[in-house]
Number of protein chains: 2
Amino acid sequence: MNQNMNNMKRKTRQREIIKQVFQVESRPLNPMELLGLAQSRLSGISLATVYRAIKELVETEWLITVEMPGMALYYEINLHRHHHHFFCYSCSKVFEVEGCVPVETLTPKGFLLESHEIILSGQCSACMQG
Amino acid sequence: MNQNMNNMKRKTRQREIIKQVFQVESRPLNPMELLGLAQSRLSGISLATVYRAIKELVETEWLITVEMPGMALYYEINLHRHHHHFFCYSCSKVFEVEGCVPVETLTPKGFLLESHEIILSGQCSACMQG
DNA sequence: TTGCAATTGAGAATTCATTTTCAATATAGC
DNA sequence: GCTATATTGAAAATGAATTCTCAATTGCAA
């Protein structure tokens, strides 16, 4: 009878916590970072659940993928805003960077520029002070 | 007696061809691209040999690593020149891009910028014409 | 040419991120 | 509270890139 329940997404403690972590941290996270942060709120949470939640949240576009060169994927809340990233060599955290620069001037002759990515690296302010 | 031969690097057909391919293509190559191009010059060449040669050439700094977001590593001849890259969505080839833009203006307050990476993406001139 | 260590090819092994399996558990409609 | 089923945790399985193993081959000094 209750056909309406088929394939219905349920609100679970794990999924709520995973979204909370992204909101509280407000920076891109990779699956292992996310696992650690989620476990500090609910110790039993598993890596499989983290991956499952990420997958769903990317599919619904609540999260977007951040590809950092040479690293596992990071994910961040989809803010629908053009921006770039800063990678900290000390703590390996990734941060959002606002603004942009005129990269189209670099496009080689005859090439069509469709998108671009700028990755700054160095030390974040927390690591500079530590 | 002949201690001098210990650990000596030998000049082999395979290694010469691998270096030639980088010089002729003059763009970053990943191991599979390199294997294909090398095999067209010497059909028996194996993937293990390609990886071994890359490893040596990176150690001697004849090659440098190019990390493209979300992709296997690419390698390019070390020209000791600051530059960036263009990734073609159609043919997946990576090209060197000359010049730079003032990215330091993007650095968040309190952060220390040590290096940066700019990756342009779109279509290369060959794919635009095809 | 000879001898021997460096190098090679082929495939097995490893590594690591991610996905799947499945029995146990928990959510939501009744 | 009861029930159906979506979700979970734990561990096994997968997939892809890279490294290793080892017997056969090759480069090079003598």
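We use all heavy atoms of the structure for the numbers below, so side chains are in, but hydrogens, waters and symmetry mates are not.
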Locate the shortest heavy-atom distance separating [X] from [Y]; write the atom from each residue and the value.
X        : Y        : value
B:Ile119 : B:Pro69  : CD1-CD, 3.5 Å
B:Cys88  : B:Cys124 : SG-N, 3.3 Å
A:Leu113 : A:Glu104 : CD2-CA, 3.7 Å

How many whole angstroms separate atom [atom1] of [X] from atom [atom2] of [N]?
X       : N      : atom1 : atom2 : result
B:Ile18 : C:dG9  : CD1   : C1'   : 13 Å
A:Arg13 : C:dA28 : CZ    : C1'   : 17 Å
B:Leu42 : D:dT25 : CG    : P     : 16 Å
A:Arg15 : D:dA6  : CZ    : P     : 11 Å
A:Arg10 : C:dT27 : CZ    : C1'   : 5 Å
A:Lys9  : C:dA28 : NZ    : P     : 13 Å
B:Gln14 : C:dG9  : CD    : C1'   : 9 Å
A:Glu16 : D:dT8  : CD    : P     : 11 Å

**Message:** Using five base pairs at each end to define the local axes, how bent is the helix from C:dT1-D:dA30 to C:dC30-D:dG1, to the nearest 10°?
**Reply:** 40°
**Message:** For B:Thr49 and B:Gln14, which I'm curious about, is there any donor-acceptor pair between the side chains at under 3.5 Å?
**Reply:** no
**Fill in**
Residues pairing under ring-ring contact (aromatic ring centres under 6.0 Å, His included) where one sits in residues 94-130 of chain B, two or more places apart or in two chains, turn out to be A:Phe86-B:Phe111, A:Phe95-B:Phe111, A:Phe111-B:Phe95, B:His82-B:His116, B:His84-B:His116
**Asked** Which other residues belong to the hydrophobic cluster containing B:Tyr75, where Ile, Leu, Val, Met, Phe, Trp and Tyr are joined when side-chain heavy atoms lie under 4.5 Å apart, directly or via other members?
**Response** B:Ile17, B:Ile18, B:Val21, B:Phe22, B:Leu29, B:Met32, B:Leu34, B:Leu35, B:Leu37, B:Leu42, B:Ile45, B:Leu47, B:Val50, B:Tyr51, B:Ile54, B:Leu57, B:Val58, B:Trp62, B:Leu63, B:Leu73, B:Ile77, B:Leu79
**Request:** Quickly, which of A:Glu33, A:Glu76, A:Glu96 forms a salt bridge (charged side-chain N to carboxylate O under 4.0 Å, His left out) with A:Arg27? Name it, please.
**Result:** A:Glu33
**Request:** List for me each residue that meets side-chain contact (heavy atoms from CB on, under 4.5 Å) alongside B:Ser115, sequence neighbours excluded, and say none if there are none.
**Result:** A:Tyr89, A:Ser121
Pairs under 3.5 angstrom, nitrogen or oxygen only, protein versus nucleotides 10-13 of chain C, please.
none

For nucleotides 16-18 of chain D, tabulate all protein N/O to nucleotide N/O atom pairs closer than 3.5 Å, reporting atom names and distance.
residue : atom : partner : partner atom : Å
D:dT18  : OP2  : B:Tyr51 : OH           : 2.5

